[in-house]
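Okay, structure first, notes after.
Computed from a prediction, not measured in an experiment: that's the story for all the values here. Letters A, B, ... are given to chains in the order of the sequence lines, protein chains preceding strands, and every chain is numbered from 1.
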There are 2 protein chains.
Amino acid sequence: MSFENLTDRELKVLQNLIIHYIRTADPVGSRVIANKFRMGLSPATIRNTMQDLEELGLIKQPHTSAGRIPTDTGYRLFVDMLLKPEPLNDTEKNKIRNMIGANKKGIDSVLSQTSKILGEITNQLGITISPRFEEGILTRIDLIPVSDGKLLVIVAVKSGLARTILMEVESDIEFEELRQMELILNERLVGNSLGHIRKTLNERLSDTQCSPRLLKLFLDSSDEILGEQGDEKLHYTGADKLFSQPEFADRVKLTELIKLLEGRRELVDLVAQKTMTEGIVITIGGEIPINQIQECSLVITQYKIGNISGTIGVIGPTRMPYSKLISIVEYTAKSLTETLSDL
Amino acid sequence: MSFENLTDRELKVLQNLIIHYIRTADPVGSRVIANKFRMGLSPATIRNTMQDLEELGLIKQPHTSAGRIPTDTGYRLFVDMLLKPEPLNDTEKNKIRNMIGANKKGIDSVLSQTSKILGEITNQLGITISPRFEEGILTRIDLIPVSDGKLLVIVAVKSGLARTILMEVESDIEFEELRQMELILNERLVGNSLGHIRKTLNERLSDTQCSPRLLKLFLDSSDEILGEQGDEKLHYTGADKLFSQPEFADRVKLTELIKLLEGRRELVDLVAQKTMTEGIVITIGGEIPINQIQECSLVITQYKIGNISGTIGVIGPTRMPYSKLISIVEYTAKSLTETLSDL
DNA sequence: GTTTGGCAATCTCTTATTTAGAGTGCTAAT
DNA sequence: ATTAGCACTCTAAATAAGAGATTGCCAAAC
């Protein structure tokens, strides 16, 4: 359904209604809109307009004789057409930047810290997902024997990120054997993205004449080494913020949400998929393909470390202050990208 | 206060009361104890005994005309003297072992999985804390230049655990310089525990004649490299289990608990401290020095990986099935230790 | 043709009131 | 020492009553 021929008045009423509802969480009546927003119209007139909006499926009544609340469709229209992003003031910007910069002990801790900031200043659930290593361009592989029978594989990608994997090997592997393998790997793989390498690994290494057992080991563990999806780490902070929101008054919903968060996988997949594109992505209510959070919205965006990207954002009830959140998430991603390129 | 001169009857009544209360979460009245537990005494007699127990501070009434519930002291006595550990059956044992073994992609994922098991089969909040690296005996240090200006430090300790730290260095460090530093570090530090090394680092390296700038860098980053407290990772799973318990009916308590969990640090410190000793440690209610969870109990124990130890256990309301939990936590720790030494 | 005031109707939310039930503590009898 | 009996207390659930909000619609006003 297209809403292009909505009158100005209808748009204005919808906008005010949503703004007010986001603030108060109470169904909004015609009187409130007429008085609080000084539209120069009587409640009765507003009522008529509201009836129209309801017929269009943009707002609804929880029950007769309550005011109206926005539907998902209403929020969608609001977000797409009526929303004016609320810029951050300097205090807020500084707070974000300082908090992200405060703790530079590695990317993981920065991300954890970032989810905390997001949670804190948005009053929603802040989430961060670690970079999709797959996208990284391999710059180097090292094979280091540590203790007996252990081999440490170091996969370094552009922009200084590195992953280490500890592998089990037969204990009688010769140093020279390793050296040679290392050489071949670097020769043939460097410069490509891990994801690409993983897909084409067999061909790339097919005609080598290095140690067959090492080769086999490497091929067998390729998923682990090169990063098969599933190792993106999810950080979330601010669950307590959601608890105090009226939409989570229902214990069952709360429980479901926590289960989802603790399960991680499902959420990571969802978010990762939604954010293949650049810029802020907003997903509202039923647009989310996960049952447990269909009364929630997602505001997410990408951050970058080198040419690898990851995702940050917030989850909260559909009744969330989108205009503010967009600015916050955007700025936080920007700051995060900067901080990460620093280190 | 000592409770050594409690009569058999008093002990028995206390025991039954606690057992029943743990099951039902309802204050237990004299009738229930007299009838359900076939003590051969009338409710009136039980009432008298209960009055004694109340005077001793072992049980209390939520209000007149409710039954009694145990106090923290009561639980303590119960745990120390009256509890018969409930052995696991084979099904349970298998489930634990299989689930831990199912996912061997590195210690972190095993620990995460373990917290999940604990949560699931105890119906409490399962927690795991990663090994205290400090206790590890250094077997080797590698310094590997990765990209320009990045140095990867690999710290390997006994039992095949290794930690990697990515460091910033000046980009014109020579290979030979590194090699030499590496040699010296290995020579002087290997064989000691990281914690010990950290404390004595300055003396140990004082009279070396290796690259001064590398030395300085290393000394400056020693905390990061050798493991200053603070990097023990906390995994927890099963928060939703707690939500459905009546003791968390109060939203505020729930919120506080979540905040605590998300804060991590405080909980890690508490648990780590409680578990310096071997064996199961049970901490009940007010014995916990954290306000937010004073109506909770902790059942924790150590696991080992090589000679390094970490902690696992459960958190739940003081009204928890201690006798079962002890067995579960104990067996899980044992299985975990085995699994970890495998890999 | 819009817009508005008026008003009955509807529904929720809050607060009281009542009632039923459980458990205690005490006393007197066993 | 144990127990039956009983008045008393307090909670929890059910019911009732009342207050408040908002709507939809109609007829009047602009």
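In the displayed structure, A:K324 atom NZ is contacted under 6.0 Å by more than 12 heavy atoms of other residues, nucleotides or ligands. In the displayed structure, B:K116 atom NZ is contacted under 6.0 Å by at most 12 heavy atoms of other residues, nucleotides or ligands. The environment of CD in A:E295 is sparse: at most 12 heavy-atom neighbours from other residues, nucleotides or ligands sit within 6.0 Å. Shown here is B:R251, whose CZ atom has more than 12 heavy atoms of other residues, nucleotides or ligands within 6.0 Å. Around the CD atom of B:E92, the shell of radius 6.0 Å holds more than 12 heavy atoms that belong to other residues, nucleotides or ligands. With a 6.0 Å radius and a threshold of 12 heavy atoms from other residues, nucleotides or ligands, B:D8 has its CG atom at or below the threshold.
A centroid separation of 6.0 Å or more is found between the aromatic rings of B:Y21 and B:F78.
Between B:I315 and the options B:T122, B:L267, B:V299, a side chain to side chain contact (heavy atoms under 4.5 Å, CB included) holds for only B:L267.
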Step by step, would you call B:R76 with B:D72 a salt bridge (Lys or Arg N to Asp or Glu O under 4.0 Å)?
CA-CA 6 Å; B:R76 171 50 64 197; B:D72 287 356; over 6 Å; no
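The nearest whole Å value for the distance from the NZ atom in A:K60 to the P atom in C:dC11 is 18 Å. Put simply, CG on A:D52 is 11 Å from P on C:dT3, counting in whole angstrom units. Rounded to whole Å, atom C1' of D:dA4 lies 14 Å from atom CG of B:N35. Protein atom CG of A:D26 is 15 Å distant from nucleotide atom P of C:dT12, rounded to whole Å. Distance A:M39 CE to C:dT2 P: 17 Å, rounded to the nearest Å. Remark: C1' of C:dG5 and CD1 of A:I46 are 15 Å apart, rounded to the nearest angstrom.
Counting only heavy atoms from C-beta outward, the side chains of A:H20 and A:K36 approach each other to under 4.5 Å.
An OP1 or OP2 oxygen of D:dT3 is reached within less than 4.0 angstrom by a side-chain nitrogen or oxygen of B:S42.
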What does the list of N/O pairs under 3.5 Å between the protein and nucleotides 17-19 of chain D look like, with a distance for each?
none

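Side-chain contact of A:T128 with A:S115: a donor-acceptor pair under 3.5 Å is absent, judged by distance alone.
The rotation axes computed at either terminus of the helix from C:dG1-D:dC30 to C:dT30-D:dA1 lie 20° apart, taking five pairs at each end and rounding to 10 degrees.
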Base versus backbone protein contacts along nucleotides 15-30 of chain C [heavy-atom cut-off under 4.0 Å; B, S, -]:
-------BBBBS----
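Projected onto DNA chain D by closest heavy-atom contact, B:H63 and B:L41 fall at different nucleotides, the more 5' of which corresponds to B:L41.
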